[in-house]
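Below is one structure, written out as structure tokens; the observations come after it.
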Amino acid sequence: MVEYLPRSAWNARPPNGGPGNLTVSRVEGAVIHWPGTGSTSVIHSKAAVASALRGWQDYHMDTRGWSDIAYQVAVDQAGRAWTLRGLRTQSGANGGTDVNERYGAVLLILVTGEQPTAAMKATTRGVIADFRRIYPRGTAIRPHSAVRPEPTDCPGDPARAAIARGEFTPGHSEDDDMTPAQMQELKNFIEARTQAYALWTHRQLRKDLSAVVKAYALDIKNYERQTDAADAARAAAAVWATAPPSLQVDGTPAPEQPTAPDPNVDPDLSLPDLDPFPDTPAAEEAAPNGDQPTA
């Protein structure tokens with residue numbers, strides 16, 4: 001719900017009686033108004049709005065002879081909602097007793113040629129939503145020019161166009177407020193941002209991939225060096241294992257290597273010494289029975 005500034009916020013005068021409250025069953029909707037001052041001097045600050053409201057109240061009460069300022073609620077360009085007569089009290093702004101009984105009255109504080117801001121439209125949607133909660137059948141939103149018996153340009157072309165686009169209707173999305181040119185500009189912006197992000201992502205991925213490739217190549221080189229060293233050590237061990245014990249390298253005997261037993265030989269069997277060349281020749285031995293060789 002909207003937060004409404006009280007009448008004391010603009011130092012309002014007390015009303016002189018009045019027509020009383022609206023009849024819920026008779027209300028058809030809300031009418032949108034503007035001050036119609038003919039000036040292009042904007043009324044934006046809180047103090048300026050309060051001063052303007054007091055001036056319009058004086059004019060309505062002192063010149064027109066009405067009981068109070070004519071409207072129920074005012075909404076300014078900053079999105080502030082001001083309590084005037086209040087949503088339950090019948091307005092005196094629509095142009096006759098019948099239309100005042102059938103419609104509420106919301107004042108947009110706009111000057112000639114001024115476009116309603118997003119804040120003004122958002123708050124007005126909130127005011128209309130509150131109005132509909134009080135008057136469930138009062139769903140219509142109309143410009144003053146559509147209900148006043150006599151011709152009027154109220155609430156001005158910008159507000160009238162906003163009503164036609166549904167910008168004061170509760171639930172309306174601000175995305176629908178853009179013109180085709182604005183929509184195209186937004187589309188171009190989104191596409192440019194998307195392309196820029198895709199390029200950035202591509203560059204980051206290339207950097208990351210390059211780093212991974214370099215790290216992988218370094219790991220491969222380290223692995224190859226380690227593998228070559230291990231293979232060289234295993235080859236050297238194999239050479240020493242098959243070398244004769246007397247083999248020397250640089251004058252140093254090769255280290256003794258344990259000899260594995262032959263699996264085809266039974267270790268429990270011992271073979272006789274079959275050396276065919278004994279130390280003492282058989283011919284030099286003495287002949288048996290005293291036989292001597294002849295000279």
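Computed from a predicted model, the values in this text were never measured in an experiment.
- Ile141 is not listed as a side-chain neighbour of Tyr103, based on a closest heavy-atom distance of 4.5 Å or more.
- The hydrophobic cluster containing Val75 also contains Ile128, counting ILVMFWY residues as joined when their side-chain heavy atoms lie under 4.5 angstrom apart, directly or transitively.
- With rounding to the nearest 0.5 angstrom, the CD atom of Glu101 is 7.0 Å from the OG1 atom of Thr23.
- Contact of the Arg80 side chain with the Leu5 side chain is registered, since non-hydrogen atoms from C-beta on lie closer than 4.5 Å.
- The backbone N or O of Ala70 lies less than 3.5 Å from a partner atom in the side chain of His60, making a donor-acceptor pair.
- The pair Asp62-Arg13 counts as a salt bridge, with a side-chain nitrogen and a carboxylate oxygen less than 4.0 angstrom apart.
- Using a 4.5 Å cut-off between side-chain heavy atoms of Ile, Leu, Val, Met, Phe, Trp and Tyr, with links allowed through other members, Ile69 and Val127 fall into different hydrophobic clusters.
- Arg85 contributes no side-chain N or O that, together with a main-chain N or O of Tyr71, makes up a donor-acceptor pair within less than 3.5 Å.
- Closest approach of Gly95 and Asn100 over heavy atoms only: N-OD1, 4.0 Å.
- Of the charged side-chain nitrogens involved, none lies within less than 4.0 Å of a carboxylate oxygen, so that Arg54 and Asp58 do not count as a salt-bridged pair.
- Each of Val147 and Ile163 belongs to its own hydrophobic cluster when Ile, Leu, Val, Met, Phe, Trp and Tyr are linked at side-chain heavy-atom distances under 4.5 angstrom.
- Environment of CZ in Arg26: crowded, with over 12 heavy atoms of neighbouring residues, nucleotides or ligands closer than 6.0 Å.
- Contact annotation: the side chain of Val31 never approaches that of Val106 to less than 4.5 Å [non-hydrogen atoms, C-beta and beyond].
- Remark: side-chain polar atoms of Thr123 are paired, donor with acceptor, to backbone N or O of Ala119 under 3.5 angstrom.
- At a threshold of 4.5 Å between non-hydrogen side-chain atoms, the residues Met61 and Trp66 do not count as touching.
- Using a 4.5 Å heavy-atom cutoff, the side chains of Ile190 and Thr194 are in contact.
- Gln77 and Glu114 form a side-chain donor-acceptor contact under 3.5 Å, judged by distance and modelled atom types alone.
- Pairing each heavy atom of Val111 with each of Ser41, the nearest pair is CG1-O, 3.2 Å.
- Within a 6.0 Å sphere centred on CD of Glu191, heavy atoms belonging to other residues, nucleotides or ligands number more than 12.
- In this structure, Leu22 CG and Ile134 CD1 are separated by 9.0 Å, a value rounded to the nearest 0.5 Å.
- Between the side chain of Trp10 and the backbone N or O of Thr83, at least one donor-acceptor pair lies under 3.5 Å.
- Side chain of Ser8 to main chain of Asn11: no donor-acceptor pair is present (N/O by atom type, distance under 3.5 Å, no hydrogens or angles).
- Judged purely by distance below 3.5 Å, without hydrogens or angles, the side chains of His33 and Asn94 pair a donor atom with an acceptor atom.
- Not one N or O on the side chain of Gln90 forms a donor-acceptor pair closer than 3.5 Å with the backbone of Pro19.
- The pair Asp76-Lys46 does not meet the salt-bridge criterion, since no charged nitrogen lies less than 4.0 angstrom from a carboxylate oxygen.
- Between Arg148 and Val99 the shortest side-chain heavy-atom distance does not fall below 4.5 Å.
- Using a 4.5 Å cut-off on side-chain heavy atoms (C-beta onward), Lys121 and Thr117 make no contact.
- Put simply, CE on Met120 and CZ on Phe168 are 7.0 Å apart, with the number rounded to the nearest 0.5 Å.
- Closest approach of Ala74 and Ile109 over heavy atoms only: CB-CD1, 4.2 Å.
- Taking both residues in full, the closest heavy atoms of Leu84 and Asp68 are given as O-OD2, 4.5 Å, listed atom of the first, atom of the second, then distance.
- Without hydrogens or angle criteria, Arg160 side chain to Ser145 main chain gives no donor-acceptor distance under 3.5 Å.
- Contact check for Gln72 versus Phe131: side-chain heavy atoms found under the 4.5 Å cut-off.
- Residues Arg125 and Asp130 are not paired through a salt bridge, judged by the lack of any N-O separation under 4.0 Å between the basic side chain and the carboxylate.
- In the hydrophobic clustering of this structure, Val49 does not group with Leu108; members are Ile, Leu, Val, Met, Phe, Trp, Tyr whose side-chain heavy atoms approach within less than 4.5 Å, directly or through other members.
- Criterion: ILVMFWY side-chain heavy atoms under 4.5 Å apart, direct or through other members. Under it, Leu110 and Ile32 are part of a common hydrophobic cluster.
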